[in-house]
Amino acid sequence: HSPYKCDSSTTTEFTGSMHGYSAVWVQNATNLTVTADNGVSIPAAGFVAGSIYEIAPAKIVIGGTGVAYALKKNVTG
C-alpha cells in the first residue's frame with residue numbers, strides 16, 4: 001500500500017474507504033494533531049519529525065506547516 005500524504009492546512013478523517021491505516025509517519029511535527037482510533041488526541045509536542053508511530057489514526061489535523069503520512073501494514077502469509 002502507498003502511504004497517504006496529509007499536507008499542511010488539511011484535515012483528514014479516516015472513515016469509510018480511508019479506514020484501516022495503522023501508523024503515522026511524521027515528516028514535520030509543527031501544527032499537527034493526531035486523533036487515534038480510541039479517541040485520544042495527541043498534539044504536535046508529542047511527536048518527533050522523521051519518526052513512525054504505531055497509532056491507528058481516526059483524524060489528522062495539520063496547520064500551515066505540518067506534514068504527515070498515514071501508513072498501512074502489509075500482511076503476508
Side-chain angles (χ1 to χ4, degrees):
H1 299 282
S2 297
Y4 183 83
K5 184 177 183 183
C6 303
D7 284 313
S8 57
S9 302
T10 63
T11 297
T12 304
E13 299 214 27
F14 295 88
T15 60
S17 64
M18 291 291 291
H19 185 74
Y21 286 87
S22 57
V24 177
W25 171 31
V26 177
Q27 185 177 16
N28 181 339
T30 58
N31 299 306
L32 168 77
T33 301
V34 175
T35 302
D37 250 357
N38 66 2
V40 174
S41 290
I42 306 161
F47 297 103
V48 174
S51 297
I52 296 174
Y53 297 89
E54 289 192 49
I55 300 168
K59 179 168 61 171
I60 297 177
V61 179
I62 303 180
T65 57
V67 177
Y69 292 84
L71 308 172
K72 286 188 176 182
K73 288 183 182 177
N74 283 332
V75 179
T76 60

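Index from 1, following the sequence.
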For this session: Measure across H19 and K72 and return the closest heavy-atom pair with its distance rounded to 0.1 Å.
Result: O-NZ, 4.0 Å

Exercise. Transitively linked via ILVMFWY side-chain contacts under 4.5 Å: V48 with L71?
Worked result: no

Problem set entry | Heavy-atom pair with the smallest gap, counting every atom of A58 and A36 | CB-O, 3.7 Å

Problem set entry | 4.5 Å side-chain heavy-atom contact, D7 and I62 | no

For this session: Group every Ile, Leu, Val, Met, Phe, Trp and Tyr by side-chain heavy-atom contacts under 4.5 Å, then state whether I52 and V67 land in the same group.
Result: yes

Exercise. Are W25 and F14 connected, step by step, through hydrophobic side chains (Ile, Leu, Val, Met, Phe, Trp, Tyr) whose heavy atoms are closer than 4.5 Å?
Worked result: no

Exercise. Out of P3, S2, C6, which residue meets the side chain to side chain contact (heavy atoms under 4.5 Å, CB included) rule with Y69?
Worked result: P3

Seminar exercise, completed: Note: G64 and S9 closest approach over all heavy atoms is CA-OG, 3.7 Å

For this session: Write down the atom of A29, the atom of A44, and the distance for their closest heavy-atom approach.
Result: O-CB, 2.8 Å

Exercise. Closest approach of E13 and M18, non-hydrogen atoms and distance?
Worked result: O-CB, 3.8 Å

Exercise. How about Y21 and D37: do any of their side-chain heavy atoms sit closer than 4.5 Å?
Worked result: no

Problem set entry | Intermediate values then yes/no, side-chain contact (heavy atoms from CB on, under 4.5 Å), I55 and F47 | CA-CA 12 Å; I55 300 168; F47 297 103; 4.0 Å; yes

For this session: Report yes or no: do S8 and T65 form a side-chain donor-acceptor pair below 3.5 Å?
Result: no

Exercise. Does OH in Y4 sit with more than 12 non-hydrogen atoms of other residues, nucleotides or ligands closer than 6.0 Å?
Worked result: no

